[in-house]
Student: 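Got a structure for you, questions after.
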2 protein chains.
Amino acid sequence: MRPYSQFLDQLRTAGLRPTRQRLALAKLLFGGEDRHVTAEILHDEAQRANVRVSLATVYNTLHQFTDVGLLREIAADASKAYFDTNTTKHHHFYLADQGMLMDIPGDEINVDNLPTAPEGTKVDSIDVVIRVSNN
Amino acid sequence: MRPYSQFLDQLRTAGLRPTRQRLALAKLLFGGEDRHVTAEILHDEAQRANVRVSLATVYNTLHQFTDVGLLREIAADASKAYFDTNTTKHHHFYLADQGMLMDIPGDEINVDNLPTAPEGTKVDSIDVVIRVSNN
DNA sequence: GTGTTTGCAAAGTGTTTGCAATTTA
DNA sequence: TAAATTGCAAACACTTTGCAAACAC
(Lines give C-alpha, C1' and ligand atoms only; values in the text may rest on other atoms or scores of the structure.)
Protein backbone atom coordinates (compact mmCIF):
# COMPACT_ATOMS: atom_id res chain seq x y z
CA MET A 1 0.00 0.00 0.00
CA ARG A 2 1.41 3.34 -1.00
CA PRO A 3 1.67 5.60 2.00
CA TYR A 4 -0.30 8.86 1.81
CA SER A 5 -2.30 7.78 -1.20
CA GLN A 6 -5.62 8.27 0.53
CA PHE A 7 -4.63 11.81 1.46
CA LEU A 8 -3.34 12.53 -2.03
CA ASP A 9 -6.67 11.49 -3.45
CA GLN A 10 -8.58 13.41 -0.84
CA LEU A 11 -6.74 16.63 -1.64
CA ARG A 12 -6.87 16.17 -5.41
CA THR A 13 -10.57 15.45 -5.28
CA ALA A 14 -11.03 18.62 -3.28
CA GLY A 15 -9.06 20.57 -5.87
CA LEU A 16 -6.14 21.37 -3.59
CA ARG A 17 -2.56 20.78 -4.64
CA PRO A 18 -1.13 18.02 -2.51
CA THR A 19 1.81 19.93 -1.13
CA ARG A 20 4.07 18.48 1.53
CA GLN A 21 2.45 20.65 4.19
CA ARG A 22 -1.13 19.88 3.22
CA LEU A 23 -0.41 16.18 3.06
CA ALA A 24 1.21 16.16 6.47
CA LEU A 25 -1.63 18.14 8.03
CA ALA A 26 -4.23 15.96 6.33
CA LYS A 27 -2.52 12.92 7.75
CA LEU A 28 -2.60 14.39 11.25
CA LEU A 29 -6.21 15.45 10.89
CA PHE A 30 -7.72 12.54 9.03
CA GLY A 31 -5.34 9.70 9.78
CA GLY A 32 -7.17 8.48 12.85
CA GLU A 33 -10.29 9.18 14.84
CA ASP A 34 -12.37 12.28 14.38
CA ARG A 35 -11.02 15.22 16.29
CA HIS A 36 -11.32 18.87 17.24
CA VAL A 37 -8.32 21.11 16.76
CA THR A 38 -7.28 24.71 17.00
CA ALA A 39 -4.55 26.10 14.77
CA GLU A 40 -2.14 26.09 17.67
CA ILE A 41 -2.80 22.47 18.61
CA LEU A 42 -2.30 21.31 15.05
CA HIS A 43 0.84 23.37 14.65
CA ASP A 44 2.36 21.97 17.86
CA GLU A 45 1.50 18.48 16.76
CA ALA A 46 3.13 19.00 13.39
CA GLN A 47 6.33 20.21 15.06
CA ARG A 48 6.39 17.17 17.30
CA ALA A 49 5.93 14.97 14.24
CA ASN A 50 8.93 16.72 12.70
CA VAL A 51 6.83 18.35 10.04
CA ARG A 52 8.11 21.84 9.40
CA VAL A 53 5.10 24.00 8.69
CA SER A 54 4.50 27.58 9.70
CA LEU A 55 1.58 28.67 11.83
CA ALA A 56 0.38 30.90 8.99
CA THR A 57 0.21 27.87 6.72
CA VAL A 58 -1.70 25.93 9.36
CA TYR A 59 -4.28 28.71 9.47
CA ASN A 60 -4.49 28.86 5.70
CA THR A 61 -4.80 25.12 5.44
CA LEU A 62 -7.52 24.87 8.08
CA HIS A 63 -9.56 27.45 6.20
CA GLN A 64 -8.96 25.84 2.83
CA PHE A 65 -9.98 22.45 4.20
CA THR A 66 -13.08 24.08 5.67
CA ASP A 67 -13.93 25.76 2.37
CA VAL A 68 -13.84 22.47 0.49
CA GLY A 69 -15.86 20.69 3.16
CA LEU A 70 -13.18 18.53 4.72
CA LEU A 71 -13.54 20.36 8.03
CA ARG A 72 -16.25 22.17 9.88
CA GLU A 73 -15.64 25.23 12.02
CA ILE A 74 -17.31 25.36 15.42
CA ALA A 75 -18.06 28.60 17.25
CA ALA A 76 -17.82 27.33 20.78
CA ASP A 77 -15.93 30.18 22.31
CA ALA A 78 -15.65 33.78 21.32
CA SER A 79 -11.89 33.71 21.50
CA LYS A 80 -10.62 30.79 19.51
CA ALA A 81 -11.58 28.91 16.37
CA TYR A 82 -12.15 25.17 16.58
CA PHE A 83 -12.21 22.85 13.61
CA ASP A 84 -13.92 19.48 13.58
CA THR A 85 -12.95 16.64 11.28
CA ASN A 86 -16.43 15.23 11.64
CA THR A 87 -18.50 17.18 9.13
CA THR A 88 -21.68 15.18 9.59
CA LYS A 89 -24.62 16.50 11.52
CA HIS A 90 -23.92 16.40 15.23
CA HIS A 91 -23.57 18.69 18.20
CA HIS A 92 -21.10 19.47 20.99
CA PHE A 93 -20.34 19.74 24.62
CA TYR A 94 -17.91 22.56 25.27
CA LEU A 95 -15.87 21.90 28.41
CA ALA A 96 -15.23 25.51 29.33
CA ASP A 97 -12.58 24.76 31.93
CA GLN A 98 -10.51 22.74 29.54
CA GLY A 99 -11.31 24.68 26.38
CA MET A 100 -12.22 21.35 24.85
CA LEU A 101 -15.00 20.08 22.60
CA MET A 102 -16.71 16.71 22.80
CA ASP A 103 -19.03 15.31 20.19
CA ILE A 104 -22.63 14.51 20.94
CA PRO A 105 -23.84 11.99 18.40
CA GLY A 106 -26.28 13.49 15.92
CA ASP A 107 -29.11 11.28 16.96
CA GLU A 108 -28.88 12.15 20.63
CA ILE A 109 -30.44 15.57 20.30
CA ASN A 110 -33.63 16.49 18.56
CA VAL A 111 -33.85 19.97 17.19
CA ASP A 112 -37.18 20.59 15.60
CA ASN A 113 -39.82 23.16 14.92
CA LEU A 114 -37.12 25.24 13.25
CA PRO A 115 -38.23 28.67 12.08
CA THR A 116 -37.54 29.68 8.49
CA ALA A 117 -34.43 31.74 7.83
CA PRO A 118 -34.86 35.51 7.59
CA GLU A 119 -35.92 36.93 4.23
CA GLY A 120 -33.10 36.79 1.71
CA THR A 121 -30.90 34.38 3.63
CA LYS A 122 -30.11 30.70 3.56
CA VAL A 123 -29.12 28.42 6.41
CA ASP A 124 -25.42 27.56 6.44
CA SER A 125 -25.30 25.51 9.62
CA ILE A 126 -27.07 24.76 12.83
CA ASP A 127 -24.86 24.54 15.87
CA VAL A 128 -25.94 23.31 19.23
CA VAL A 129 -23.32 23.87 21.90
CA ILE A 130 -23.90 22.74 25.46
CA ARG A 131 -21.45 24.62 27.64
CA VAL A 132 -20.44 22.70 30.76
CA SER A 133 -17.99 23.40 33.57
CA ASN A 134 -16.48 21.41 36.40
CA ASN A 135 -18.45 21.06 39.57
CA MET B 1 -40.56 59.80 38.34
CA ARG B 2 -36.90 59.97 39.25
CA PRO B 3 -34.78 59.37 36.23
CA TYR B 4 -32.46 56.37 36.40
CA SER B 5 -34.14 54.97 39.49
CA GLN B 6 -34.91 51.68 37.81
CA PHE B 7 -31.28 51.30 36.83
CA LEU B 8 -30.08 52.29 40.29
CA ASP B 9 -32.24 49.58 41.78
CA GLN B 10 -31.19 47.08 39.18
CA LEU B 11 -27.52 47.63 39.91
CA ARG B 12 -27.93 47.72 43.70
CA THR B 13 -29.94 44.54 43.63
CA ALA B 14 -27.19 42.93 41.61
CA GLY B 15 -24.62 44.08 44.15
CA LEU B 16 -22.84 46.47 41.82
CA ARG B 17 -22.09 50.03 42.83
CA PRO B 18 -24.15 52.35 40.69
CA THR B 19 -21.34 54.40 39.22
CA ARG B 20 -21.89 57.00 36.56
CA GLN B 21 -20.50 54.66 33.90
CA ARG B 22 -22.52 51.61 34.92
CA LEU B 23 -25.70 53.64 35.11
CA ALA B 24 -25.17 55.09 31.68
CA LEU B 25 -24.38 51.71 30.16
CA ALA B 26 -27.34 50.10 31.93
CA LYS B 27 -29.58 52.77 30.50
CA LEU B 28 -28.29 52.12 26.99
CA LEU B 29 -28.61 48.37 27.41
CA PHE B 30 -31.84 48.05 29.34
CA GLY B 31 -33.64 51.28 28.54
CA GLY B 32 -35.50 49.99 25.53
CA GLU B 33 -35.99 46.80 23.63
CA ASP B 34 -33.85 43.74 24.08
CA ARG B 35 -30.67 43.90 22.12
CA HIS B 36 -27.38 42.29 21.13
CA VAL B 37 -24.20 44.28 21.52
CA THR B 38 -20.48 43.95 21.21
CA ALA B 39 -18.15 46.01 23.38
CA GLU B 40 -17.33 48.22 20.44
CA ILE B 41 -20.97 48.91 19.55
CA LEU B 42 -21.80 49.85 23.12
CA HIS B 43 -18.73 52.03 23.43
CA ASP B 44 -19.54 53.91 20.23
CA GLU B 45 -23.08 54.39 21.38
CA ALA B 46 -21.95 55.76 24.71
CA GLN B 47 -19.68 58.26 22.97
CA ARG B 48 -22.53 59.41 20.77
CA ALA B 49 -24.70 59.83 23.85
CA ASN B 50 -21.94 62.00 25.32
CA VAL B 51 -21.13 59.49 28.01
CA ARG B 52 -17.42 59.42 28.60
CA VAL B 53 -16.48 55.84 29.33
CA SER B 54 -13.38 53.97 28.29
CA LEU B 55 -13.45 50.84 26.18
CA ALA B 56 -11.79 48.94 29.04
CA THR B 57 -14.64 49.89 31.33
CA VAL B 58 -17.17 48.81 28.75
CA TYR B 59 -15.51 45.40 28.65
CA ASN B 60 -15.40 45.19 32.43
CA THR B 61 -19.00 46.25 32.72
CA LEU B 62 -20.25 43.79 30.13
CA HIS B 63 -18.56 40.98 32.02
CA GLN B 64 -19.79 42.15 35.39
CA PHE B 65 -23.34 42.40 34.08
CA THR B 66 -22.96 38.92 32.66
CA ASP B 67 -21.64 37.58 35.96
CA VAL B 68 -24.65 38.86 37.87
CA GLY B 69 -27.08 37.59 35.27
CA LEU B 70 -28.14 40.85 33.67
CA LEU B 71 -26.63 39.80 30.36
CA ARG B 72 -25.93 36.60 28.55
CA GLU B 73 -22.90 36.03 26.36
CA ILE B 74 -23.44 34.38 22.99
CA ALA B 75 -20.70 32.51 21.13
CA ALA B 76 -21.87 33.13 17.62
CA ASP B 77 -18.57 33.84 16.01
CA ALA B 78 -15.07 32.83 16.96
CA SER B 79 -13.81 36.36 16.64
CA LYS B 80 -16.04 38.62 18.66
CA ALA B 81 -18.09 38.43 21.86
CA TYR B 82 -21.79 39.24 21.71
CA PHE B 83 -23.92 40.06 24.72
CA ASP B 84 -27.68 39.68 24.83
CA THR B 85 -29.95 41.65 27.16
CA ASN B 86 -32.52 38.89 26.89
CA THR B 87 -31.39 36.30 29.42
CA THR B 88 -34.39 34.05 29.06
CA LYS B 89 -34.25 30.78 27.19
CA HIS B 90 -34.14 31.42 23.47
CA HIS B 91 -31.94 30.88 20.47
CA HIS B 92 -30.39 32.85 17.62
CA PHE B 93 -29.94 33.41 13.96
CA TYR B 94 -26.47 34.67 13.21
CA LEU B 95 -26.41 36.76 10.05
CA ALA B 96 -22.83 36.07 9.06
CA ASP B 97 -22.66 38.77 6.40
CA GLN B 98 -23.77 41.46 8.79
CA GLY B 99 -22.17 40.07 11.93
CA MET B 100 -25.56 40.43 13.53
CA LEU B 101 -27.68 38.31 15.84
CA MET B 102 -31.47 37.91 15.74
CA ASP B 103 -33.54 36.27 18.42
CA ILE B 104 -35.56 33.19 17.77
CA PRO B 105 -38.31 33.00 20.38
CA GLY B 106 -37.72 30.25 22.92
CA ASP B 107 -40.82 28.36 21.96
CA GLU B 108 -40.00 28.21 18.29
CA ILE B 109 -37.35 25.53 18.62
CA ASN B 110 -37.56 22.26 20.42
CA VAL B 111 -34.35 20.84 21.73
CA ASP B 112 -34.91 17.54 23.41
CA ASN B 113 -33.46 14.14 24.05
CA LEU B 114 -30.49 15.94 25.62
CA PRO B 115 -27.65 13.70 26.75
CA THR B 116 -26.38 14.02 30.31
CA ALA B 117 -23.35 16.22 30.89
CA PRO B 118 -19.96 14.50 31.07
CA GLU B 119 -18.92 13.06 34.44
CA GLY B 120 -18.02 15.78 36.91
CA THR B 121 -19.54 18.66 34.97
CA LYS B 122 -22.71 20.70 35.08
CA VAL B 123 -24.55 22.40 32.24
CA ASP B 124 -24.05 26.16 32.14
CA SER B 125 -25.99 26.94 29.00
CA ILE B 126 -27.39 25.51 25.82
CA ASP B 127 -26.88 27.61 22.74
CA VAL B 128 -28.48 26.99 19.40
CA VAL B 129 -27.07 29.20 16.69
CA ILE B 130 -28.40 29.01 13.17
CA ARG B 131 -25.84 30.58 10.89
CA VAL B 132 -27.35 32.17 7.80
CA SER B 133 -25.90 34.18 4.93
CA ASN B 134 -27.27 36.24 2.11
CA ASN B 135 -28.37 34.47 -1.03
C1' DG C 1 8.44 28.14 -17.08
C1' DT C 2 4.15 29.56 -14.87
C1' DG C 3 1.14 29.89 -11.37
C1' DT C 4 0.52 28.25 -6.67
C1' DT C 5 1.98 27.79 -2.10
C1' DT C 6 4.96 28.68 1.72
C1' DG C 7 7.40 31.08 5.56
C1' DC C 8 8.48 35.01 7.74
C1' DA C 9 7.76 39.01 10.06
C1' DA C 10 4.84 42.66 10.46
C1' DA C 11 0.37 44.29 11.10
C1' DG C 12 -4.39 43.79 12.59
C1' DT C 13 -8.31 42.89 15.71
C1' DG C 14 -10.49 42.09 19.84
C1' DT C 15 -9.62 41.75 24.68
C1' DT C 16 -7.26 41.99 29.23
C1' DT C 17 -4.19 43.98 32.63
C1' DG C 18 -1.31 47.00 35.85
C1' DC C 19 -1.50 50.88 38.16
C1' DA C 20 -2.17 55.73 39.48
C1' DA C 21 -5.97 58.81 39.86
C1' DT C 22 -10.75 59.23 40.89
C1' DT C 23 -15.06 58.14 42.81
C1' DT C 24 -18.39 55.91 45.98
C1' DA C 25 -20.18 54.84 50.39
C1' DT D 1 -10.96 57.46 54.64
C1' DA D 2 -11.19 52.88 52.94
C1' DA D 3 -12.45 50.17 49.31
C1' DA D 4 -14.11 49.93 44.71
C1' DT D 5 -13.91 51.68 40.14
C1' DT D 6 -12.06 54.08 36.22
C1' DG D 7 -8.96 55.42 32.31
C1' DC D 8 -4.94 54.94 30.08
C1' DA D 9 -1.50 52.70 27.75
C1' DA D 10 0.82 48.73 27.33
C1' DA D 11 0.50 43.92 26.84
C1' DC D 12 -1.83 39.92 25.09
C1' DA D 13 -3.81 36.13 22.29
C1' DC D 14 -5.30 34.85 18.09
C1' DT D 15 -5.47 35.61 13.25
C1' DT D 16 -4.43 37.70 8.73
C1' DT D 17 -1.46 39.78 5.28
C1' DG D 18 2.39 41.22 1.98
C1' DC D 19 5.92 39.65 -0.38
C1' DA D 20 10.12 37.14 -1.74
C1' DA D 21 11.67 32.42 -2.04
C1' DA D 22 10.39 27.64 -2.91
C1' DC D 23 7.55 24.31 -5.00
C1' DA D 24 4.12 21.66 -8.06
C1' DC D 25 2.78 20.65 -12.48
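Quick note on labels: first sequence line is chain A, next is B, and so on, each numbered from 1. As the structure is a computational prediction, the values presented were derived from the model and not from experiment. For the numbers below, each heavy atom of this structure counts, side chains included, while hydrogens, waters and symmetry mates do not.
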Student: Atom CG of A:Leu55 and atom C1' of C:dG7: how far apart are they, to the nearest Å?
Tutor: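 Computing the A:Leu55:CG to C:dG7:C1' distance gives 11 Å.
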Student: Between B:Arg72 and B:Thr88, which heavy-atom pair has the shortest distance, and what is it?
Tutor: NH1-O, 3.1 Å
Student: Using a 4.5 Å cut-off on heavy atoms from C-beta on, say whether the side chain of B:Ile109 contacts that of B:Ile130.
Tutor: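 Result yes, sub-4.5 Å side-chain heavy-atom pair found.
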Student: Distance check needed: C:dA25 C1' versus B:Arg20 CZ, whole Å only.
Tutor: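 Between C1' of C:dA25 and CZ of B:Arg20: 17 Å.
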Student: Only pairs with both distances under 3.5 Å count, Watson-Crick or wobble alike; so what is the partner of D:dC25 in this structure?
Tutor: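 Pair assignment: D:dC25 / C:dG1.
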Student: Would you say A:Lys122's side chain and B:Asn134's backbone share a donor-acceptor pair under 3.5 angstrom?
Tutor: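 Checked: pair present.
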Student: Pick the nucleotide of DNA chain C nearest each of B:Arg12 and A:Leu16; which residue has the one closer to the 5' end?
Tutor: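 By nearest-heavy-atom nucleotide position, the 5'-most residue is A:Leu16.
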Student: Using whole Å, report how far NE2 of B:His43 lies from P of C:dT13.
Tutor: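 Nearest whole value for this atom pair: 17 Å.
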Student: Could you give the CD-to-P distance, from A:Glu40 to D:dC14, as a whole number of Å?
Tutor: 5 Å
Student: For B:Asp103 and B:Pro105, indicate whether the former's side chain and the latter's backbone hold a donor-acceptor pair under 3.5 Å.
Tutor: no
Student: Considering just the side-chain nitrogens and oxygens of A:Gln21, establish if one lies under 4.0 Å of OP1 or OP2 belonging to D:dC23.
Tutor: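 A:Gln21 to D:dC23 OP1/OP2: no side-chain N or O under 4.0 Å.
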Student: Taking for each residue the nucleotide of DNA chain D bearing the nearest heavy atom, is the 5' side occupied by B:Arg52 or by B:Arg17?
Tutor: B:Arg17
Student: I'd like to know if the side chain of B:His36 pairs up with that of B:Asn86 as donor and acceptor (distance under 3.5 Å, no hydrogens or angles considered).
Tutor: no
Student: Compare the minimum distances between each of D:dT15, C:dT15, D:dC25 and the side chain of B:Ala81, then state the nucleotide with the smallest one.
Tutor: C:dT15
Student: Would you tell me if any nitrogen or oxygen in the side chain of B:Thr19 comes within less than 4.0 Å of OP1 or OP2 on D:dT6?
Tutor: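 Looking at the OP1 and OP2 atoms of D:dT6, one of them is under 4.0 Å from a side-chain N or O of B:Thr19.
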Student: Give me the residues of residues 56-79 of chain A where at least one heavy atom lies under 4.0 Å from an atom of DNA chain C, by number, or none.
Tutor: A:Ala56, A:Thr57
Student: Using a cut-off of strictly less than 4.0 Å, decide whether B:Arg22 has a side-chain nitrogen or oxygen near OP1 or OP2 of D:dT5.
Tutor: yes
Student: For the side chain of A:Arg17 and the backbone of A:Arg12, is there at least one donor-acceptor N/O pair under 3.5 Å apart?
Tutor: no
Student: A side-chain contact here means heavy atoms from C-beta on lying under 4.5 Å apart; do B:Val132 and A:Asp124 qualify?
Tutor: no
